Protein chains: 2
Amino acid sequence: MGDKVTIYDIAREAEVSVSTVSRILTGSAPVNPETKQKVDAVLQKYNFRPNRAARNLSYQRSTMIGVILPDITNPFFSTLFAEMQRHAIAKDYSLLLFNAMNSLALESEGLAYLARHQVDGLIFMGGRVNEVEPSPAYQMEIAEISARVPTIIVNGEMPGVDAVIVSTSEQSGIAQVVDYLSGLGHTRIGFLGGSSHITVTRNRQQSFCAAMSRLALPVEEQWLITDGFSIESGEKTLEMLLRLEKLPTAIIAINDLVALGILKAARRHHIDIPRQLSLVGFDDIYLASVSTPELTSVSHNYEYFGRTIVETIISRIKGGDTPSSILLDMQLVIRDSCQPPESR
Amino acid sequence: MGDKVTIYDIAREAEVSVSTVSRILTGSAPVNPETKQKVDAVLQKYNFRPNRAARNLSYQRSTMIGVILPDITNPFFSTLFAEMQRHAIAKDYSLLLFNAMNSLALESEGLAYLARHQVDGLIFMGGRVNEVEPSPAYQMEIAEISARVPTIIVNGEMPGVDAVIVSTSEQSGIAQVVDYLSGLGHTRIGFLGGSSHITVTRNRQQSFCAAMSRLALPVEEQWLITDGFSIESGEKTLEMLLRLEKLPTAIIAINDLVALGILKAARRHHIDIPRQLSLVGFDDIYLASVSTPELTSVSHNYEYFGRTIVETIISRIKGGDTPSSILLDMQLVIRDSCQPPESR
DNA sequence: GCGTGGGTAGAAAGCGGTTTCACATCCTAT
DNA sequence: ATAGGATGTGAAACCGCTTTCTACCCACGC
């Protein structure tokens with residue numbers, strides 16, 4: 001149970017009214033220094049903490065921000081979440097996390113979960129578009145909640161939802177990668193992983209095509225294989241790729257987990273990365289530098305990323321002006337998983 | 001903001017009293033089917049959700065369970081958290097996560113954070129003992145909150161704290177490892193990683209010594225090196241080990257991250273794992289099977305682990321009887337990181 | 001000397017639910 | 001026929017805090 005001592009007890013013992021105590025607690029109105037001191041002593045004595053439910057009820061807000069993300073075990077999300085939490089708490093907000101376990105059905109449940117908690121804001125990571133089963137009820141629900149609660153969508157988009165869109169600049173990230181690979185001499189580049197109905201995937205694929213055509217490099221449709229975001233997806237997509245006649249000399253993976261999966265499968269097939277096949281990942285999770293070879297990856301500034309999300313949503317909650325979309329830079333981090341293609 | 005429609009609006013429109021609506025909402029008392037139907041229709045129409053703050057205020061509880069853990073980016077914790085959340089939500093509880101970023105100072109802040117939220121229960125993972133700076137204030141705080149709120153400590157212990165202790169059976173886990181290594185022919189075994197003031201480390205080290213002496217194998221003090229729980233710790237501890245004259249033929253790592261770090265450092269030093277050095281990790285995180293060689297590790301049943309924690313704390317919250325400590329089995333999963341020692 | 005206004009502090013009205021208590025009805029058992 | 005027990009419903013108190021409204025005191029100025 002919570003504390004048993006209430007503001008009334010404090011007031012009685014300090015011989016003032018509850019209003020005065022409350023004023024001291026909130027600083028909402030000036031109080032005589034002497035009175036304040038007297039009350040402070042009592043507050044101190046009982047280590048008093050105002051009951052949050054009561055306070056929220058009165059304030060009409062929860063100072064909680066809901067976070068829905070697809071997979072907390074993916075270091076990209078956990079690292080980002082940790083940063084977000086740090087900044088949120090520094091600003092006296094709390095983060096209520098819902099892990100959707102990569103399931104759309106659960107995502108919808110998460111929405112209900114956060115709505116039930118009356119969060120003041122909603123951060124939605126990895127939003128989907130064009131879902132096979134768009135479930136009108138789910139669409140409705142999102143639209144409804146985002147109309148009521150400031151919402152921010154990270155690397156996603158949702159039709160008919162009023163939200164701030166924070167995205168990583170795929171265009172710049174992919175361009176760096178393609179330029180780098182092309183600079184090494186690669187012309188045959190594949191793109192593996194992701195899901196075609198997830199925004200990031202579409203964006204990265206499109207940016208990839210754009211970057212390739214800018215360099216007058218051909219895009220092989222068959223080298224664009226999507227199968228998810230996990231290590232297993234990486235293994236699977238490489239297996240699929242290997243069944244083709246013609247192979248690329250370099251692969252860009254939708255994220256580092258997929259890249260690690262590709263690495264694993266390549267090893268199984270005795271394909272030497274980077275000698276026979278160059279590989280680049282995304283997100284620069286802390287594992288990227290553990291693999292052999294260490295993974296070249298496109299990195300986020302996690303601290304800035306998390307801070308931006310949190311500051312933006314809080315500003316929205318407080319009714320401040322915010323841009324309707326924010327684009328975050330990514331930075332290629334070169335390690336050991338790429339080489340010039342074998343001349344043959 | 002939350003919903004604008006209240007129970008009063010519902011009552012007015014359904015032409016009943018608020019009490020009746022409330023009774024229907026909570027099912028706390030029988031209501032005439034006809035009345036219920038009438039009210040249900042209105043409830044449905046507005047998609048009514050009772051205000052949580054008001055409800056909590058009245059109920060005198062939050063149906064939230066606080067979770068403090070040292071590092072959400074460690075797959076062990078994130079995987080376990082995901083399982084816990086799943087079960088908690090299924091039982092109509094919410095999990096409020098605080099990530100302490102491996103900092104004791106933050107841990108204390110987290111305690112205050114969760115106390116502020118008036119959580120009904122507290123799950124404390126990775127508890128510390130014998131901390132260099134035990135900070136009396138911190139000790140006080142923990143004791144105080146655990147006296148008020150059902151607390152459960154996972155793989156830890158805290159002096160003077162009334163809590164259910166859930167731990168993994170290090171004894172059985174380590175015994176399996178030592179038996180296995182010994183069976184392969186290893187007699188010189190080291191134990192790397194962890195922190196000597198963290199309970200798990202102490203338990204695993206002690207169990208290690210016990211298992212060794214059971215097999216009449218000597219324990220080299222200098223092969224017990226602690227430096228934390230991260231990949232970097234793994235690299236560092238192996239570096240330190242390599243400076244010694246005499247080396248072990250097998251290493252047990254405090255967890256898989258440390259093992260991965262050891263793997264990385266070994267590669268740098270051209271030490272072939274498993275040919276020259278066998279390696280075993282703990283936790284069997286999903287990355288264990290990605291490395292080369294795939295990591296032999298002692299695994300948890302995460303589903304059962306998470307469920308047990310959640311069910312136990314809920315039972316405690318509801319005033320039910322619970323054991324004062326629970327021991328969970330671990331299971332050695334053999335992959336490719338161990339071999340018989342080179343005969344030389 | 002008295003109206004005026006700034007600085008303090010108390011009383012009381014919410015905030016949106018739950019629950020106790022009281023009161024009808026109606027049904028059953030004596 | 002009637003006490004007594006369910007059953008169903010409403011009125012009102014209560015959970016703990018914030019905030020408006022009001023009242024008081026005292027210094028100040030005309």
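So you know, we letter chains A, B, ... as the sequences are listed, proteins then strands, and number each from 1. Everything quoted here is computed from the prediction, not taken from an experiment.
Residue whose closest nucleotide on DNA chain C sits further toward the 5' end, between Ala53(B) and Ser28(B): Ala53(B). Along DNA chain D, the nucleotide nearest Arg52(A) and the nucleotide nearest Ser17(B) are compared for position; the residue whose nucleotide lies closer to the 5' end is Ser17(B).
Comparing dG16(C), dT18(D), dT18(C) against the side chain of Arg55(B) picks out dT18(C) as the nearest. Counting only heavy atoms from C-beta on, Ala54(A) has its side chain closest to dC17(D) among dT19(D), dC17(D), dA12(D). Proximity note for Ser19(B) (side chain, C-beta onward) versus dG16(D), dA11(D), dT19(D): the nearest is dA11(D). Here dG16(C) is the nucleotide among dA12(C), dT18(C), dG16(C) with the atom lying nearest to any side-chain atom of Thr6(B). For Arg23(A), whose side chain is taken as the heavy atoms from C-beta onward, the closest listed nucleotide among dG16(D), dG10(C), dT18(D) is dG10(C). For Phe48(B), taking side-chain heavy atoms from C-beta onward, the closest of the listed nucleotides dG17(C), dG10(D), dT19(D) is dG17(C). Side-chain atoms of Ser22(A) lie closest to dT19(D) of the nucleotides dG16(D), dT19(C), dT19(D). Distance from the side chain of Gln60(A) is smallest to dG16(C) among dC17(D), dG16(C), dT18(C). Among the nucleotides dC17(D), dT18(D), dC15(D), the one closest to any side-chain atom of Thr26(A) is dT18(D). Across dG16(D), dG17(C), dT9(D), the shortest atom-to-atom separation from the side chain of Pro50(B) is found for dG17(C).
Near-neighbour residues of DNA chain D inside residues 30-42 of chain A, defined by a heavy atom below 4.0 Å, are absent.
Taking the centre and axis of the six-membered ring of Tyr59(A), the NZ or CZ atom of Arg61(A) falls inside the cone set by 45° and 6.0 Å.
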Nucleotides 23-27 of chain D: which of its N/O atoms have a protein N/O under 3.5 Å away?
none

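Using a 4.0 Å heavy-atom cutoff across all strands shown, Val16(B) reaches sugar-phosphate atoms only and no base atom. Base contact: Tyr8(B) has a heavy atom under 4.0 Å from a base atom.
With sequence neighbours left out, the side chain to side chain contact (heavy atoms under 4.5 Å, CB included) criterion links Ile326(B) to Val166(B), Thr308(B), Thr312(B), Pro323(B), Leu328(B).
Between Lys38(B) and Glu34(B) there is no salt bridge, since no side-chain nitrogen of the basic residue lies less than 4.0 Å from a carboxylate oxygen of the acidic one.
Considering only heavy atoms from C-beta on, Asn99(B) stays 4.5 Å or farther from Phe77(B) through its side chain.
Taking side-chain N and O atoms only, Ser58(A) has no distance below 4.0 Å to OP1 or OP2 of dG14(C).
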